[in-house]
Structure formats: C-alpha cells, structure tokens
Amino acid sequence: MKTKPKILIIDDEPIVQKVLSDELSIEGFMVIGALDGESGLKKVSKERPDLILLDIIMPKMDGISVLKSLKENPATKEIPIIVLTNLREGEAVSISKKSGVLDYLVKADYSVSQLIDRIKKNLLR
Amino acid sequence: MFLKSKIVNTTGIIAIISVIALFAAVQRISSVVNKQIEDSQRKIVNHTLQLVSLYIERAHDNLSEVAQDQDIIEFLEKNDSAKAQHVSEKLSMLMGILQNTGLHEIVDSKCIARSASKQAISVVGTDFSSRDYCRGAIETQDAYLSSAFVSVVSLEPVLGLAIPVKNSAGKMLGYVLGIIDIKRLREHLASLQEKGSFIVLFDRYNIEFLDTREKIEKLTEPGQNGNTVDLMKGEAGFFRQGDDFISFRKTDSLTLAVGEKEAHLFYRKKILLVSIISIAVFAAILLIVLLLAIIKKRTKELTEAKVKLESIMGSIGDAVMACDRNGIIVVFNKVAQELSGFDTKEAIGKHHSDIIKFALEDGKIISDEFIEESLKISNTINLNHRMNIVCKDGVRTPVSAVASLVKDIEGNIIGRVIVFRNAAKEREIDKMKTEFVSLASHQLRAPLTAISWLTEILKKEETGILNAKQKELVQDIYQSTDRMIDLVNDLLNISRLEKGSLAINPEPIQLENIIIEAINNEALLIKRKECRVIFKEPKKKLLLIPIDKYLIAQVLHNLLINAIRYSKNGCKIEIKLEKRDNDYLLTVADKGIGIPEDKQFRIFEKFFRADNARKMHPDGTGLGLYIAKIIIESSGGKIWFNSKIGKGTKFFIAIPLSGMKEREEGKKLIFQ
C-alpha cells in the first residue's frame, strides 16, 4: 500500500466526524469529511475517495439522494459505500441495500473499535 | 300511589255500574217473568174460549148439514124424530167438552118447542122466547150461552145454550137448545187445569159460576160474586190477587180468568236465582277487573323495566350483544348496530356467528373461537389486541371486546354477553405512541452513541494515560451508557412487538454454532462472574435448520445473562441441545437463586421481576423473558421452565424439527 486509502465521511454529526476521523487516522487512513450531502457530493468528485461512509439523515441533501446520484454517475458508481446511520428500518434500508452498498451499519450497535474493524474488513475484501 | 288510587277508582266505578246493571237485570227479568206468566195464562184463556166457540160452531154446522134446506118445522113435521134424536145425540157428542146433560129441545124460528129430549121437562108447544139464552141467540142470530141458573130438573147449576139452525140460503129455521151441566163442565175444565193453575168463569152478568181454586164441593154458589170481578176491567187483562196472578178475557157471554197460584213464590225463587247468578257474575266481573288491573300494573311495571333496560342499553357507549345458551342473540344495542351494520331487528333471533364476525388484523376470522372460548373456560375473556369487527358490508373496524358468561342465581350458564367498542382511536393513539417511542429511541441513540464512542476513546488512553480512579470512573460511564442503549433498544423492541407481529426470517443454519457464538458474546460477563458455561452438543451433528439467527441469538442472550446474573460468582451454567422425536430441545440450566414458587406464573409478564431477582440485580428491565417468549411462540416453538428457590432454574426451548416459522410482514427487532 503505497498511498494511504482515502475515506470520505459524509455525516452531519461533528462528534461522529471527530471520533471516526481520529480513529481511522490512527489506523493509517487518510480521512476527509463533509457535514451535509451536497458538500459530500462535491468532495467525492474532487477527492475521489477509496471509501465513503454515508449517513442518511442530513441537512440540504439526504444520504439516499447522495447514494442515488453517486450510483447514477459512471465516474463514481464504483466507489464502495458503507451506510453508517442510526436508522434501522424503513425505506432507507431497502433502497440502500438494493443500490449495492458495501455494508449497512447502525451506529449504536457498534463500539468504535468494532466499527473500525468492520470498515477495515470491508476495505480489504 | 297514584296507580293504586286509579285502580281503586276504576274498580269503584265498575262496581257501581255493575250494581246498576244488576238492578236493571232484575227488573227486566221480573218483567219478563210477569210477561211470560201473563202470556201463558192468556194462551190458556184464549184456548179455552176458542174451544168453547169451536164446539158451538161445529154443533151449528152439523145441525145445518142435517137440516139441509129444509125448514126445521118441515123437518119436524115429517116427524122424523129418530133423526132429531140423532141430531140431538150428535150435538151432545159434539158438545162433549161441555158435557151436555142430555137436556135439549128443538125450537122453531119463533122459539116454540117442536121437539124435546126424554129428560126435558118442557113439552112441544112451549114458548122459549122468554128464555134469556134463546133471546140472546135471536138477538145475535148466533150461538148464545146464557148465565148460570139452577135446573129445575136436576137442581144443579146449568148453562143454557142456543144454537141457531139456518138453511143454505141463510134462512133461520129454528134453534137447538141445550142445557150444560156446570158441574161436568167444571170437572172438564178442572182436568184441563195445570198444576198450580186455576180457572174462574163468570157469566155475562159477571156472576161467577166456576172457580177451580176451591174444592169442587165448596164451589161458589151461583150468584156469588167475588171481588175478583172488580179487578177485571176492560176486555182483557192481567192482575195480581194475593199470591195469585190472574189473566182474563171477556166475551159477550162469558168471562174467563186463568190464574197461577202462588206465582210470586216461583217469581221470588226465580228472582233469587237470578240474583245469585247476578251476584256471582258481578263477583266474577269484579275479580276479572281486579285481575286485569293487577295484570295491567304488572305489565306496566315490566314494560317500564324493559324500557328502562332498553334505554340503559341504548345509552351505553359500548356495543352490547347478549346471546342465550344456544348463541341466539337476545340483546343488540344501538352501538352494536352502528358497529356491525346490522339492525337490532335483523340481529335478534339469529345466531351470533351470523351477525358478529371478528377478525384478527392479519385477516383470519376468529368469530366463533373467541365467543365459544368464553363458554369453555367459564370465565370472562378480554380481546383487546389487534381485532377487527367485520361489518355487514365487509368493512373492518378495529374493536376491543370482552365476552362474559351470564349465570342465573344458581350459577347455571344461561347465556353470554359480548361487549365491544370501537378501538380505532385507541389503535391510532397506540400507533402514535409507538411512533413516538421509535423516534425518541432514534434521537436518544445518536447522543448515546456519541457518549459511548467518546468514553471508549478515553478508556483506550489514546488521549493520555488515566490514573486508576479515572479509569474506574470512565468504565462506569461506559457501562452506564451501554445499559442506556440496551434499555432504549428494549423499549423500542417492546413497542414493535406490541405494534404488530414480529418479522421472522429463517435461513438454514447450524444451530450449534449459533449457541457457541451466543456464549462467546457473553464472554465479558462470564469472565467477570468467574462462571463456567458448559455446552453439551448433540451426539450427532445436526443438519442445517431454518432459523432466524438474530432472533434465536436474542433469546439465548436473554436466557444466558439471566442465568449468569442470578447465580453466584464461580457458578456453573449448563447448556444442552438435543434432537428429540418432534423437536430440538434446548436447555439452559443454572444453580442460581431460582424463582419464588408463588411468582412463577408471572415470570413471562412484561416488566415483571421477582423480588429476589430485583434485590440481586436492581437494573434489570423485566423484558428479557417477555421478549424471549414472544419470539419462540411466534415462530412455532415452546418455552417453559422448572425452578426451585435457592436451587436453580432450568429453561427449556423446543423448536420444531421444521425450524422456525417464517413471517415476513412484521417488524424487526433491534439486537444488542
């Protein structure tokens, strides 16, 4: 691994941003963040991340719309996405799973270290 | 009170009317009786007079027939005395009723005697024109009966009778004279008299010559005139003399009176009888009126009670349906009408299963099961969850219902009452509550996750080394947060379980592996309590079984942490899995505090915790076994336990050989 894998966290929760970016950095990832869907999309085209951690409920543009536009764009549709949210049910779950996301994780179910493990496992797949 | 006085009034009025009617009836009856007596006596009078007239006429006719056209003198000049004798005899015979004494004469048109019978004292040539009966016949040109007089021959009272003889041209030929013996006449009339009846005869001068009231020997002497005659005014009449009732009729030559002796006694008896009957009838009428009044009062009371009951039934805000022992509807109130769409009239008399259909929210109609169940267990059944009523038009309305038995005083079951009400609003509120809990849980989870994650980082000492006290505090924060997340998840799960059925997604798995994984998940707790968990696997490795691994893991988690929490440090927990003929049996056995015997029946209740469990571990929610039971039973399995206080508890789970039942349309649980 010559360059550090680049992870984009799209989440409106600053604490999530802070904790995950700290922990992922320690694990040797390069982490960038976006606090809403719109800026998240911009960062994707600009930064070309290796993995996107995507929240669902966000201001300006929600995670589902971000997911759809990423999958519709041939330039971005191959980027692996992990949905990381506190939503457990409803449309969001089924749409995400149908869109071919790498994983669908509910934040509350995991400790930070479990989450990092899971992200790492997904990236190595 | 008012009712009572009304009855008294009514009865009084009816009594007065009855008395008046009674008097009127007696009056009417007495007048009818009088009239009947009068009529019968008149008939006798008329009959007797007719008889007398008839015989006189017949005598005349016969004589005329014999006389043909001949002059009576010619007839006599021919000296056909044999013929005359024959005529005379015939006359006697014809006048049999009058019992001719045999004295007769034949006189010519000037009343000169032309012939006489042997017994006659007069001789041919005697002028009879001065005899009053002859004079009467000459004057009237008709048969004539004289007043009574004493025969100079027999010295007996007699009557004179003159019968004119005419030829066919109507020319008067002469007269046949006869003397009638009154004694014999009397005897004849006496034979005619009915028992209790009597006859009085007066001649044309109102001289009484016959009175059958007296003994024949003591017959009134001719010429004696009783006071009776004074009472006979007019042509005909009816009067009362002493105890007797007498009616009379006058003709030119005769007055006949017929009486009834002591008729008033008969009359009195009749009146008495009529009175008794009337009083009896009156009493009966009074009784009937009284009965009617009582019946009316009872009916009114019953009607009032019925109206009261109906208005109560109508005013009840819940639907009420009552059935008799055979399930036939007898009460069906207004709300029941509104909820079911059936009219009360339509519903009453039909079997409840034809009218009221209940259905579970998933569509299965359970009408009978529910109502019949109440009969089986002899008790009240509450159905307050997820039930709809299927209306007449097929529309389903959410209801909650209670079925109870109706028993008589002796405790015999006489029917059932089903009370149900529209639960649409309740369900709506329930839904809102669930949604609120759901949202609240989501919202709570975000900051809790943040606290948990931040504490975790602190604990890792990435941000600096913590001293022993700090470490302990951070650990406390971390554990509390974890518990809080668990609690939020549990609450959310409960709201899901109550909102609807549970989603079950079985997939073929190796059950042994799931159990091992479940034990590993509790490694921290096991380590802290220094416990040993032993898993006795089945002798032969099981085939893959369709099982929802998340759900079964949840159940195992709940049973395992209970087993560990409620056992002493260093305890031994034994988990056993075996294949039986019809199912897989999973046993989780501990040697912990056990469940108090009197609390065992409540152990699967939501939020229930036994006192000893509460004391040992104050933080439990009382939801673990409740959730486990719902999961196992919803998927077609069974869960039960054995427990002895202070000795330990053994939980058993039976899963069918076919695995867990799939159920798609449901809610997923949140797993720790």
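Below, read A as the first sequence line, B as the second, and so on, with proteins coming before strands; counting in each chain starts at 1. Side chains included, hydrogens not; waters and symmetry mates left out as well; all remaining heavy atoms used.
- Separating the CG atom in B:L448 from the NZ atom in A:K107 is a distance of 13.0 Å, to the nearest 0.5 Å.
- Distance alone, capped at 3.5 Å, places no donor-acceptor pair between the B:E456 side chain and the A:S111 backbone.
- Shown here is B:M484, whose CE atom has no more than 12 heavy atoms of other residues, nucleotides or ligands within 6.0 Å.
- Taking all atoms of both residues into account, the shortest heavy-atom contact from A:N86 to B:A446 is ND2-CA, 3.3 Å.
- For B:K529, the NZ atom is densely surrounded, since the number of other residues' heavy atoms within 6.0 Å is greater than 12.
- Listed for the B:W453 side chain is a donor-acceptor partner under 3.5 Å among the backbone atoms of A:Y110.
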**Message:** Walk me through whether B:I457 and A:D22 qualify under side chain to side chain contact (heavy atoms under 4.5 Å, CB included).
**Reply:** CA-CA 10 Å; B:I457 288 164; A:D22 282 0; 5.6 Å; no
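- A:K77 NZ: 12 or fewer foreign heavy atoms inside a 6.0 Å radius.
- For A:I57, no part lies under 4.5 angstrom from a heavy atom of chain B.
- For the atom pair CZ of B:R445 and CG of A:D109, the computed distance is 7.0 Å after rounding to the nearest 0.5 Å.
- Summarising the geometry of B:A450 relative to A:I15, their closest heavy-atom pair is CB-CG2, 3.8 Å, with the distance given to 0.1 Å.
- Dense packing is recorded around CZ of A:R48, with more than 12 heavy atoms of other residues, nucleotides or ligands lying under 6.0 Å away.
- At a threshold of 4.5 Å between non-hydrogen side-chain atoms, the residues B:L454 and A:V19 count as touching.
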